[in-house]
Number of protein chains: 2
Amino acid sequence: MLHNYQKEDKLIVAVDCIIFGFDTENLKVLLIKRGFEPKKGNWSLMGGFLKKDETLNEAAQRVLIKLTGLNNIYMEQLEAYSEVDRDPVERTISVAYSTLINIQNHEKEPQQQYSAKWFAVDDLPKLVFDHNSMLKRAMRRLRHKTTIQPIGLELLPEKFTMLQLQKLYEAILNKKLDKRNFVNKINSLKILIKLSEKDKRSSRKGSFLYQFDQKVYQEKVTSGFDFRL
Amino acid sequence: MLHNYQKEDKLIVAVDCIIFGFDTENLKVLLIKRGFEPKKGNWSLMGGFLKKDETLNEAAQRVLIKLTGLNNIYMEQLEAYSEVDRDPVERTISVAYSTLINIQNHEKEPQQQYSAKWFAVDDLPKLVFDHNSMLKRAMRRLRHKTTIQPIGLELLPEKFTMLQLQKLYEAILNKKLDKRNFVNKINSLKILIKLSEKDKRSSRKGSFLYQFDQKVYQEKVTSGFDFRL
DNA sequence: TCAAAAGTGTTCACCGTACACCCATGG
DNA sequence: CCATGGGTGTACGGTGAACACTTTTGA
């Protein structure tokens with residue numbers, strides 16, 4: 001007896017991408033102004049429909065490339081959203097994905113064609129459907145991740161100051177951190193290489209620039225990986 | 001302009017349920033012998049297809065009720081699986097769910113009709129499709145959860161000994177724990193009520209029975225909830 | 001010389017872990 | 001009386017959090 005797959009319901013499956021970036025002060029997300037009904041003109045996560053011959057990961061990649069031109073960026077699956085009426089036009093389930101990218105490198109680019117814009121995460125517009133829930137969930141996940149593995153490689157410029165890194169952590173965790181404790185903690189991880197250059201823009205004294213030691217950084221990311229939920 | 005939903009691909013969506021139980025010695029999962037092709041006769045997670053008018057959660061509940069008769073059990077979404085050829089007959093994506101139940105209360109019951117059987121998690125058969133991956137992932141999540149919130153209310157009988165609880169933690173974490181440290185840790189959580197009764201079956205001295213203080217227990221679960229990924 | 005940001009250590013409380021002996025009882 | 005499992009406390013190292021002053025230098 002072969003199960004009769006033909007009689008099962010078939011649905012539209014979508015992916016929605018939560019794209020985080022950081023601009024030296026605020027954690028931001030890339031949103032688009034929806035170009036078609038329903039909810040045309042409202043702010044929305046960038047999404048797309050899953051095709052028969054691709055995986056969800058591939059669909060998420062496809063969406064990311066379309067919006068940012070970025071190839072081969074790691075996207076992490078968050079959760080599937082399936083309320084029956086989440087899309088008023090047609091039953092659709094959507095799987096949320098999230099990723100981190102560097103704003104500077106991708107500010108201009110093909111975003112225009114989708115009216116994409118960066119929004120600070122603590123000043124978001126109302127989004128279509130259940131996209132606000134997705135974002136909230138993605139934030140929680142990002143916060144959690146930050147506590148168990150290093151973060152910043154994808155978000156910061158190649159060279160950055162200790163204060164920039166601290167600001168990033170503060171933006172993600174949404175609280176002030178103590179400068180001394182932060183430096184101690186980061187140094188104990190040994191993920192940074194201190195350069196001899198200084199960034200003189202921010203003060204008279206100037207502050208040292210750092211780079212990530214990518215080898216060590218990746219090790220720490222991978223070991224935190226065990227904890228992935 | 002209304003987007004033409006009609007031209008998007010539609011797919012079969014399924015749920016697969018990882019049902020954990022504990023039998024005083026081993027962490028177990030409930031598996032069924034597949035009743036239809038493909039892979040008829042092979043061991044499998046219990047699953048079902050998502051209907052047009054229900055959420056994924058509801059579908060998972062439906063499957064759980066069908067298999068165990070259990071109503072209103074909290075099921076947690078794990079991850080969506082979407083490899084194109086994961087089901088050889090028809091493109092299907094599946095969302096994995098997991099839950100914890102008390103084996104004793106549901107040993108007999110309607111399981112027979114699905115040839116369901118409990119398997120120790122460290123002695124699993126080869127399962128159909130990607131079900132072994134789902135299970136591995138569910139185990140990892142369960143382990144993680146155990147480290148940030150109390151566990152056992154769903155898995156243990158109403159009254160249990162400290163050793164039983166410790167065995168449960170050992171089964172989940174897959175390592176031996178020190179008796180003194182374990183007792184200290186559990187007591188510091190204040191989630192247990194020590195009864196005056198003893199379980200005399202296991203030794204001459206007998207060991208005290210405990211119950212969960214459900215109020216405190218739930219508080220701890222809820223506070224660990226912040227950390228949910 | 002002074003304003004403004006950079007840089008830098010110590011102390012304390014808490015938590016996880018290692019570790020070993022006495023107790024109560026039924027046979 | 002003794003074999004069997006039940007019950008109990010202490011010491012140490014590591015980690016996170018609180019906390020304030022000195023240094024550099026361009027204007």
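Just the heavy atoms: all of them, side chains too, but no hydrogens, waters or symmetry mates, feed the values below. Naming convention: chains lettered A, B, ... in sequence-line order (proteins, then strands); numbering from 1 in each chain.
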Chemist: Within this structure, what is the CG-to-P distance between Asn187(A) and dG9(C), rounded to whole angstrom?
Modeler: 10 Å
Chemist: Quick one: Asn184(B) CG to dT17(C) P, roughly how many Å, whole number?
Modeler: 12 Å
Chemist: Just wondering, do Asn174(A) and Val121(A) contact through their side chains at under 4.5 Å, heavy atoms?
Modeler: no
Chemist: Pick the closest DNA chain C nucleotide for Arg180(A) and for Ser203(A) by heavy atoms, then say which residue is nearer the 5' end.
Modeler: Ser203(A)
Chemist: Return the CE to NZ distance between Met162(A) and Lys167(A), rounded to the nearest 0.5 Å.
Modeler: 14.0 Å
Chemist: Find the distance Phe182(B):CZ to dC15(C):C1' and express it as a whole number of Å.
Modeler: 16 Å
Chemist: At the 4.0 Å heavy-atom cut-off to chain B, mark where contacts on DNA chain D begin and end, going 5' to 3'.
Modeler: dA3(D) to dG9(D)
Chemist: Quickly work out the Lys185(B) NZ to dT17(C) C1' distance and round it to whole Å.
Modeler: 12 Å
Chemist: With side chain to side chain donor-acceptor pair (under 3.5 Å) as the test, pick out the partner of Gln211(A) among Lys194(A), Glu158(A), Lys159(A).
Modeler: Glu158(A)
Chemist: Between Asn181(A) and Ser207(A), which is nearer to the 5' end of DNA chain C once each is assigned its nearest nucleotide?
Modeler: Ser207(A)
Chemist: Give me the ring orientation class for Tyr217(A) and Phe212(A): parallel if the planes are under 30° apart, tilted from 30 to 60°, perpendicular past 60°.
Modeler: perpendicular
Chemist: If you look at every strand shown and take non-hydrogen atoms under 4.0 Å, does Lys179(B) touch a base, only sugar-phosphate, or nothing?
Modeler: base
Chemist: What distance do Arg86(A) atom CZ and Asp130(A) atom CG have between them, rounded to the nearest 0.5 Å?
Modeler: 4.0 Å
Chemist: Measure from CG on Leu177(B) to P on dA18(C) and round the result to the nearest Å.
Modeler: 10 Å
Chemist: Return yes if the base of dA24(C) and the side-chain atoms of Lys205(B) contain a donor-acceptor N/O pair under 3.5 Å, otherwise no.
Modeler: no
Chemist: Name all residues meeting the ring-ring contact (aromatic ring centres under 6.0 Å, His included) criterion together with Phe119(A); count only those two or more places apart in sequence or in a different chain, and write none if there are none.
Modeler: Trp43(A)
Chemist: Send over the distance from Lys176(B) NZ to dC19(C) P, rounded to a whole Å.
Modeler: 17 Å
Chemist: Take the protein atom CG of Asp178(B) and the nucleotide atom C1' of dC15(C), then report the distance between them rounded to whole Å.
Modeler: 15 Å
Chemist: State, without any angle test, whether Asp199(A) and Thr161(A) hold a side-chain donor-acceptor pair at a distance under 3.5 Å.
Modeler: no
Chemist: Using atom NZ of Lys194(A) as one end and atom P of dA6(C) as the other, report the distance to the nearest whole Å.
Modeler: 13 Å
